[in-house]
There are 2 protein chains.
Amino acid sequence: MNSQTSVNTSMARRARMLDVIRQQGFVSIPELRDSLEVSESTIRRDLESLEESGEARRTHGGVFYTGSVTTVRQFQRGNPNDGAWDKKRAIALEAAKLVNDHDTVLLDGGSTTYELAKQLVGRPLQIVTNSLPVANLFSASDSVDLVILGGAIHNRTGVTHGPFTDQMLETINVQKAFLSVAGVNEKGFYNSNLLLVETERCMMRSADRTIIVADSTKFGRSSLARMLEWNQVDTLVVDEDLSTLWRDRIDELDTNLILAPLNNSQDTHSNSIS
Amino acid sequence: MNSQTSVNTSMARRARMLDVIRQQGFVSIPELRDSLEVSESTIRRDLESLEESGEARRTHGGVFYTGSVTTVRQFQRGNPNDGAWDKKRAIALEAAKLVNDHDTVLLDGGSTTYELAKQLVGRPLQIVTNSLPVANLFSASDSVDLVILGGAIHNRTGVTHGPFTDQMLETINVQKAFLSVAGVNEKGFYNSNLLLVETERCMMRSADRTIIVADSTKFGRSSLARMLEWNQVDTLVVDEDLSTLWRDRIDELDTNLILAPLNNSQDTHSNSIS
DNA sequence: CGAATGACGATCAAAAACGATCAAAGTAAG
DNA sequence: CTTACTTTGATCGTTTTTGATCGTCATTCG
């Protein structure tokens with residue numbers, strides 16, 4: 001349809017700029033020019049604004065990040081025609097069967113867990129989540145008790161994270177936690193954001209059972225930060241496109257593997273497996 | 001011509017436009033022109049109307065979505081001709097003037113603070129809120145750092161409250177807190193929910209300045225739980241329908257009173273708090 | 001200590017976006 | 001069929017944003 005990544009407004013650019021600065025800690029102006037594809041003049045003007053707001057501090061030759069650990073961006077919630085969508089939905093259908101009525105369930109952010117949340121709407125549950133989109137799904141429902149994990153919103157994904165979130169998780173206990181990942185390899189499970197990973201570790205500690213939902217494209221890909229190791233995960237829900245190589249590997253571990261059928265025949269969901 | 005497939009009325013077009021805006025959070029005018037296949041002039045006119053009705057907010061280079069999220073049971077805008085709604089928006093306009101760029105602002109739940117939030121979308125701010133609808137407003141914005149107060153969701157209103165929320169507020173400090181009320185009488189300010197009131201007291205303690213937004217119909221009405229007393233409130237923003245009796249009463253107190261003009265005339269005096 | 005390289009800030013011109021105005025096309029009423 | 005009214009598209013002048021140039025200042029190296 002239309003271009004996906006480039007949003008041509010100064011605010012969006014400054015947010016992306018701040019993302020780069022935060023991620024690297026210190027960046028030179030030519031680096032910013034290359035990564036944002038605008039002139040250095042524009043960079044300087046933006047930095048002036050960012051310094052004004054205290055989110056960055058300029059020095060000779062570059063910028064330091066000084067802001068708090070937040071920035072907000074949330075764009076389109078994925079392309080409807082994306083092929084991965086079917087996988088996510090298939091996974092969500094299987095994962096929903098793991099939830100019993102009146103369970104207390106923790107839902108991480110991410111498109112797959114969002115699909116799972118859609119499947120859970122209307123059922124009598126206690127839901128704990130750090131995801132704003134997920135919270136919206138349940139906020140209109142009378143059948144669920146909804147608890148939101150507070151904290152700073154990570155714009156791209158619309159989830160809270162950071163110390164506030166972690167602190168709140170320490171006093172919470174849930175029966176099942178559904179976590180999403182950005183990558184899986186033989187060492188464990190990865191996500192892209194350091195603070196988010198720390199929050200997800202706290203989620204794992206708060207849960208009796210940790211269930212990972214991940215489509216098959218995530219396998220063999222790592223990311224910035226390792227979130228969990230294999231022995232920390234009780235159950236893994238993947239679509240059936242998972243290679244036999246990985247299936248064999250997982251068979252040798254304690255982790256329980258559930259394969260979601262991609263055949264999009266409406267299977268009459270007989271829910272409730274424990 | 002063929003009125004069956006392509007509905008070319010302005011209402012239908014605006015509805016589709018709003019769909020696109022809601023889905024993407026932020027859209028540029030050329031994008032809207034391409035996806036709706038009308039001229040940019042028409043887009044601008046429609047956006048003007050949409051902004052007038054409060055469903056979107058324009059900035060340089062595009063539009064933000066500010067309408068209600070479909071899944072959230074919103075405070076009913078109820079009667080289109082409801083006079084109270086004009087009052088709320090007039091109050092919101094005045095209250096928005098109290099906010100400076102790069103302020104840290106706490107926004108309570110409630111219809112009036114929601115209107116205020118709409119006015120603040122697109123400005124560079126740090127926002128702390130316990131309201132899910134308010135959080136949704138800002139989650140698409142690049143210019144704000146958004147922090148959500150965790151806790152249990154109060155179904156009717158979509159705000160978090162309870163001990164989690166209060167605990168989180170203890171470690172937060174904001175410059176200005178905007179609180180809404182259900183009633184005001186000579187003893188102080190009231191709300192209907194006990195736990196909510198306790199949370200709002202915590203909000204007041206976390207803020208350098210406490211600003212109450214309340215339309216004139218709230219005056220003389222009490223409610224279940226007293227939230228604050230008069231001397232705890234720095235500033236009060238009310239519409240100009242407030243009776244002279246109350247104006248005189250407030251004059252004798254320390255509380256600063258701001259009257260919001262109800263007709264849409266451009267008022268010249270700009271009041272700002274540093 | 002002084003020249004050279006690079007970074008910074010200011011200024012100016014081009015480009016994009018905006019608002020207002022006007023004419024054309026379409027619609028409803030008489 | 002004509003007239004009044006609304007809606008749409010296009011144009012123009014103005015404002016905002018962006019990119020490039022140039023003089024000045026700082027840091028480095030000889």
Side-chain angles (χ1 to χ4, degrees), chain A residues 2-3 5-21 24-66 73, chain B residues 1-18 20-21 24-66 101-102 119 121-124 141-143 264-266 270:
Chain A
N2 40 16
S3 65
T5 49
S6 69
V7 174
N8 288 327
T9 173
S10 64
M11 280 186 306
R13 186 189 51 244
R14 283 178 196 172
R16 278 185 296 158
M17 189 177 303
L18 205 56
D19 272 342
V20 175
I21 300 171
Q24 307 216 8
F26 179 86
V27 203
S28 73
I29 288 180
E31 279 177 312
L32 283 174
R33 166 178 52 79
D34 291 340
S35 76
L36 297 177
E37 295 176 347
V38 291
S39 74
E40 296 191 6
S41 298
T42 304
I43 303 277
R44 290 182 205 284
R45 271 188 290 262
D46 287 348
L47 290 184
E48 194 174 352
S49 161
L50 288 178
E51 186 166 37
E52 179 77 15
S53 71
E55 298 170 286
R57 178 164 301 155
R58 305 184 57 186
T59 66
H60 281 269
V63 208
F64 281 102
Y65 181 73
T66 59
R73 174 173 45 172
Chain B
M1 305 293 185
N2 50 357
S3 61
Q4 196 71 5
T5 52
S6 67
V7 184
N8 282 333
T9 127
S10 68
M11 272 196 316
R13 186 187 53 243
R14 283 179 195 173
R16 277 187 298 157
M17 189 177 304
L18 204 55
V20 175
I21 300 171
Q24 307 226 4
F26 179 89
V27 203
S28 73
I29 287 181
E31 280 177 317
L32 283 174
R33 167 177 52 78
D34 292 341
S35 79
L36 297 177
E37 295 176 347
V38 290
S39 74
E40 296 191 5
S41 299
T42 304
I43 303 278
R44 290 181 206 283
R45 270 188 291 264
D46 287 349
L47 290 185
E48 196 173 350
S49 158
L50 255 45
E51 185 168 39
E52 180 71 18
S53 70
E55 298 171 286
R57 184 138 204 278
R58 304 184 59 188
T59 67
H60 269 271
V63 209
F64 281 103
Y65 180 71
T66 58
D101 285 354
H102 308 294
Q119 297 299 324
V121 167
R123 292 181 57 182
S141 170
D142 285 319
S143 61
N264 41 9
S265 65
Q266 293 286 49
S270 66

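By convention in this document, chain letters (A, B, ...) are assigned in the order of the sequence lines, proteins followed by strands, and residues within each chain are numbered from 1.
- Contacts between residues 33-41 of chain A and DNA chain D, defined by a heavy-atom separation below 4.0 Å, involve A/Val38, A/Ser39, A/Ser41, listed by number.
- Atom P of nucleotide D/dT14 and atom NE2 of B/His60 are separated by 17 Å, given to the nearest angstrom.
- In this entry the distance linking CZ of B/Arg44 with C1' of D/dC12 reads 13 Å, nearest Å.
- The phosphate of C/dG19 has OP1 or OP2 within less than 4.0 Å of a side-chain N or O from B/Arg58.
- Computed from coordinates, the B/Asp46 CG to D/dT6 P distance equals 17 Å when rounded to whole Å.
- At the phosphate of D/dT18, OP1 or OP2 sits under 4.0 Å from a side-chain N or O atom of A/Arg13.
- B/Asp34 is linked by a side chain to side chain contact (heavy atoms under 4.5 Å, CB included) to nothing, counting only residues two or more places apart in sequence or in another chain.
- Annotation: salt bridge (charged side-chain N to carboxylate O under 4.0 Å, His left out) contacts of A/Glu31 (sequence neighbours excluded): none.
- Protein atom CZ of B/Arg45 is 11 Å distant from nucleotide atom C1' of C/dG19, rounded to whole Å.
- Considering only heavy atoms from C-beta on, B/Thr42 comes within 4.5 Å of B/Arg45 through its side chain.
- Not counting sequence neighbours, the partners of B/Arg123 by the side chain to side chain contact (heavy atoms under 4.5 Å, CB included) test are B/Val99, B/Asp101, B/Leu120, B/Leu125.
- Between A/Glu48 atom CD and D/dT18 atom P the separation is 13 Å, expressed in whole Å.
- Between the CG atom of A/Leu47 and the P atom of D/dT18 there is a distance of 13 Å, rounded to whole Å.
- The nearest pair of heavy atoms linking A/Ile21 to A/Phe64 is CG2-C, 4.0 Å.
- Rounded to whole Å, the distance from CD1 on B/Ile29 to P on D/dT16 is 16 Å.
- The interatomic distance linking B/Ile43 (CD1) with D/dG9 (C1') rounds to 12 Å, in whole Å.
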Can you name the atoms? Protein N/O to nucleotides 28-30 of chain D N/O, anything below 3.5 Å, with the distance.
none

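- The residue B/Ser28 sits apart from the nucleic acid: no heavy atom pair falls under 4.0 Å.
- For B/Arg58, the side chain to side chain contact (heavy atoms under 4.5 Å, CB included) partners are B/Ile29, B/Arg44, B/Leu47, B/Glu51, B/Val63, not counting sequence neighbours.
- Applying the salt bridge (charged side-chain N to carboxylate O under 4.0 Å, His left out) test to A/Arg33 and every residue at least two apart in sequence or in another chain returns A/Glu40.
- Contacts of A/Arg14 classified as salt bridge (charged side-chain N to carboxylate O under 4.0 Å, His left out), with partners at least two apart in sequence or in another chain: A/Asp46.
- With sequence neighbours left out, the side chain to side chain contact (heavy atoms under 4.5 Å, CB included) criterion links B/Glu48 to no other residue.
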